[in-house]
Structure formats: structure tokens, C-alpha cells
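In this text, all values refer to a predicted model and were calculated from it rather than measured experimentally.
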Amino acid sequence: MPYDLKEIAAISGMPGLYRLVRPTRAGVIIESLDERATRSVASARNKVSLLQEISIYTQDYDQTIPLTEVFDRVYQKYGTNLPVTNKSDDRDLVNFMGEIIPDYDRQRVYLSDIKKLVTWYQAVSSRLEYQAATEETTDAGTQQEQPAADEALSTAGIIPTEADATAEGNPEAAEKTA
């Protein structure tokens, strides 16, 4: 995952993006993702949308692309310097979106959504560190670990080998030899 979006949210009625700090009885303490990083409380009445849970519609009606993957594609192509802003020409924004997601649904993804995507990416890329995916995390995320050929299959715990059973410091091995 390029940017950690688990704690980043858009809140209804409040401009910009916010980092969720901690819950309270009346809502949640938030910190703005701008230069000031001001803290305030968002009441429980506000709708909080985590960026990690937002997706972009594609031509395939049953499939969407998570925002984290969209941000990763934008970073891979442009880095942190986007060629467009939320005030760019409409054609430029549509072309930008087509370069990032060629099969996005042009009927369900509105121009306002593209502008919001650009604004959010600029806010996130300026405040959060990009985390390049390592080979271990990409392999572990796509397939489950397979035990080695000589590894014991057990769900009840670790099965000691003969060397471990006779090793010093093993109280059970000391009792058997004494």
C-alpha cells in the first residue's frame, strides 16, 4: 500500500481531509491535513468517510478500483507533482483520469469526483510519506505462506526437533537425562 489511508478521512460539512486521532464520547478527535494541522472534534452526526474504503467505478459494473490503488498509479506515473489541479480545464481533468484509469466509468464518475481525487491526492502526497511496496509484502498479500518441505505441519504449536529436545536450557530434556 503506497499511502497509509487507514486513518485519513473526508468529513461531511468540513472541507479538506483529516487524520483520525482518537474517538471520544461525542465523536472523534481529528487533525487537519493542511499546514496548520489543527485539532478539533467531529461530532457523531457528521458522516466520516475513510479514504481506504472509497473506490472508483470502472466499466465492469461489479468491479471498482480502491483509492489506494488509484493513488499508487498516480504516484507511479507523476510522483507528487501532478500536471493538473482541481481548477484545471475539464478536458485536462478527464484526460488525466483516462491516463490513470483507462476503463473508468464515465457515466458514474463525475467531473466533481475527479476534482476531489486531484485535491485529495495533493493533500495526501504533501503530508504523508509514500511507502514503496517491498517484494515480501506483495508476495504475502497475493498468496498464503507454504511450509518448507522439511517443516512440520502443526496448528497446535511448535514441535521441537531432536536437537531442541536435548538442548541445554530445556527443562524437559534435563529431567529425562537425570
Side-chain angles (χ1 to χ4, degrees), residues 1-134 136-138 140-142:
M1 177 169 24
Y3 290 108
D4 188 15
L5 301 178
K6 288 184 281 190
E7 298 175 347
I8 307 301
I11 301 173
S12 65
M14 302 176 80
L17 293 177
Y18 299 89
R19 175 178 284 129
L20 303 179
V21 178
R22 76 177 71 106
T24 65
R25 284 182 270 153
V28 64
I29 297 174
I30 56 174
E31 179 179 81
S32 64
L33 272 187
D34 58 9
E35 302 83 41
R36 295 175 289 180
T38 56
R39 287 190 176 192
S40 59
V41 175
S43 71
R45 291 183 298 220
N46 293 44
K47 181 180 176 189
V48 177
S49 301
L50 294 173
L51 294 190
Q52 183 178 12
E53 297 173 354
I54 297 175
S55 297
I56 303 292
Y57 294 115
T58 62
Q59 297 286 340
D60 183 5
Y61 193 76
D62 296 333
Q63 185 177 356
T64 60
I65 298 176
L67 198 58
T68 53
E69 185 178 329
V70 173
F71 281 6
D72 187 34
R73 289 181 183 187
V74 171
Y75 184 85
Q76 296 299 326
K77 187 159 181 90
Y78 299 108
T80 57
N81 301 322
L82 293 181
V84 294
T85 66
N86 61 336
K87 300 196 186 296
S88 293
D89 186 49
D90 295 352
R91 286 176 287 170
D92 294 338
L93 290 167
V94 170
N95 289 336
F96 167 77
M97 190 67 171
E99 290 175 5
I100 301 302
I101 308 171
D103 65 333
Y104 82 96
D105 190 341
R106 284 151 177 81
Q107 299 295 321
R108 295 189 290 171
V109 177
Y110 301 110
L111 188 60
S112 61
D113 298 329
I114 299 171
K115 289 179 179 181
K116 197 180 299 184
L117 172 87
V118 169
T119 304
W120 286 354
Y121 181 79
Q122 289 172 337
V124 167
S125 65
S126 67
R127 298 286 293 168
L128 296 179
E129 194 69 30
Y130 181 83
Q131 301 165 355
T134 61
E136 289 178 16
T137 56
T138 55
T142 57

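Among residues at least two apart or in separate chains, ring-ring contact (aromatic ring centres under 6.0 Å, His included) pairs with a member in residues 86-105 are Tyr78-Phe96.
Counted within 6.0 Å of CD on Gln107, heavy atoms from surrounding residues, nucleotides or ligands total 12 or fewer; the atom is thus considered open.
Here the CG-CE distance, from Asp113 to Met97, works out to 8.0 Å after rounding to the nearest 0.5 Å. Here OG of Ser126 is found 7.5 Å from CG of Leu33. Values are rounded to the nearest 0.5 Å. Expressed to the nearest 0.5 Å, how far CD1 of Ile11 lies from CG of Leu20 amounts to 6.5 Å.
When only modelled atom types and interatomic distance are considered, Gln76 and Asp72 share a side-chain donor-acceptor pair under 3.5 Å.
By the salt bridge (Lys or Arg N to Asp or Glu O under 4.0 Å) test, Asp60 pairs with no residue at all, sequence neighbours left out.
A donor-acceptor pair under 3.5 Å is formed between the side chain of Ser32 and the backbone N or O of Thr38. For the pair Thr80 (side chain) and Ser125 (backbone), a donor-acceptor distance under 3.5 Å is absent. No donor-acceptor pair closer than 3.5 Å links the side chain of Tyr61 to the backbone N or O of Thr58.
Exactly one of Leu17, Leu50, Leu67 qualifies for a side-chain contact (heavy atoms from CB on, under 4.5 Å) with Ile8. That residue is Leu17.
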Can you list, pair by pair, the side-chain donor-acceptor contacts under 3.5 Å of residues 24-31, counting residues two or more places apart and other chains?
from: Thr24; atom 1: OG1; to: Ala26; atom 2: N; distance (Å): 3.4
from: Thr24; atom 1: OG1; to: Gly27; atom 2: N; distance (Å): 3.1
from: Thr24; atom 1: OG1; to: Gly27; atom 2: O; distance (Å): 3.3
from: Glu31; atom 1: OE1; to: Arg19; atom 2: NH1; distance (Å): 3.4
from: Glu31; atom 1: OE2; to: Arg39; atom 2: NE; distance (Å): 3.3

